[in-house]
Amino acid sequence: VQLQASGGGLVQAGGSLSLSCVGSGIAFRNYAELWFRQPPGKEREFVARINWIGSSTDYSDSVKGRFTISKNNAENTVYLHMDKLQPEDTAVYYCAATGRVGHSIGDMNFWGRGTQVTVSS
């Protein structure tokens, strides 16, 4: 199983960025997908979750109303569209997949490599 995240980069505060994560060796229709992030010097934290069919989403309070998670099961891809980015959104962003309920790090079955998002002030 491989999850390949891409789309990170440098953006000015107030700008937008979209991340994608493509899965291979895994059927996204059978899993919930999540995005986490790890700011410099801090712990990895939950950002967003989407259920197996894409009908339900959940967000951390810090990104609610600014970030949107979506998925395309036919293409085995999950997306994270980020609007109104702020310097505190700077982090390495990771995608993950789980067959479990919830969004704890320990509940994840598979992880992708991260992609760096840097927001300049």
Side-chain angles (χ1 to χ4, degrees):
V1 175
Q2 282 193 329
L3 303 180
Q4 183 63 53
S6 62
L10 174 64
V11 63
Q12 287 189 331
S16 300
L17 206 59
S18 290
L19 307 181
S20 62
C21 175
V22 180
S24 58
I26 181 175
F28 274 14
R29 65 180 181 273
N30 295 329
Y31 291 85
E33 282 74 43
L34 296 88
W35 287 95
F36 291 81
R37 67 185 182 186
Q38 188 162 12
K42 296 184 179 180
E43 299 289 318
R44 193 172 299 188
E45 63 184 21
F46 165 74
V47 173
R49 173 189 169 102
I50 189 165
N51 70 342
W52 63 282
I53 199 174
S55 61
S56 175
T57 58
D58 190 23
Y59 299 90
S60 68
D61 288 342
S62 62
V63 308
K64 196 173 296 183
R66 300 188 298 122
F67 290 13
T68 303
I69 188 172
S70 61
K71 68 187 297 190
N72 184 326
N73 282 339
E75 296 184 355
N76 247 19
T77 304
V78 61
Y79 304 94
L80 185 69
H81 181 69
M82 305 179 289
D83 286 324
K84 300 177 183 177
L85 284 161
Q86 298 301 315
E88 52 265 36
D89 295 316
T90 294
V92 178
Y93 283 71
Y94 298 88
C95 58
T98 182
R100 303 183 178 97
V101 176
H103 48 70
S104 297
I105 289 174
D107 288 333
M108 299 303 106
N109 295 116
F110 306 107
W111 287 94
R113 292 188 178 183
T115 184
Q116 176 71 47
V117 173
T118 303
V119 184
S120 63
S121 57

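In what follows, every heavy atom counts, from backbone to side chain, and hydrogens, waters and symmetry copies are set aside.
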Is the backbone N or O of [Y] less than 3.5 Å from a side-chain atom of [X], with the two atoms forming a donor-acceptor pair by type?
X      : Y     : result
Lys71  : Ala32 : no
Asn72  : Thr77 : no
Asn73  : Trp52 : yes
Thr115 : Ala5  : no

Going from [atom1] on [X] to [atom2] on [Y], what distance comes out if it is rounded to the nearest 0.5 angstrom?
X      : Y      : atom1 : atom2 : result
Thr90  : Gln116 : OG1   : CD    : 7.0 Å
Leu34  : Asn51  : CG    : CG    : 10.5 Å
Arg66  : Ser16  : CZ    : OG    : 10.5 Å
His103 : Glu45  : NE2   : CD    : 11.5 Å

Which heavy atom of [X] sits nearest a heavy atom of [Y], and at what distance?
X     : Y      : value
Lys84 : Asp89  : O-OD2, 4.3 Å
Asp83 : His81  : OD1-NE2, 2.9 Å
Ser62 : Arg37  : OG-NH2, 3.4 Å
Phe36 : Ala96  : CE1-CB, 4.1 Å
Glu75 : Val22  : O-CG1, 4.5 Å
Arg49 : Arg100 : NH2-O, 3.3 Å

Would you check if there is a donor-acceptor pair between the side chains of Ser20 and Ser6 at a distance under 3.5 Å?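 Distance-only check passes for Ser6 and Ser20.
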Check whether more than 12 heavy atoms from other residues, nucleotides or ligands sit under 6.0 Å from atom CD of Gln38, and answer yes or no.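 It does: Gln38 CD has more than 12 such atoms within range.
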Besides Tyr31, the hydrophobic cluster formed by Ile, Leu, Val, Met, Phe, Trp and Tyr side chains linked at under 4.5 Å, directly or via other members, contains Val1, Leu3, Val11, Leu17, Leu19, Ile26, Phe28, Trp35, Val47, Ile50, Tyr59, Val63, Phe67, Ile69, Val78, Leu80, Met82, Leu85, Tyr93, Phe110, Val117, Val119
Are side-chain heavy atoms of Tyr79 and Thr68 found at a separation under 4.5 Å? no
Hydrophobic clusters here meaning ILVMFWY residues chained together by side-chain heavy-atom distances under 4.5 Å, can you tell me if Met108 and Val92 are in one? yes
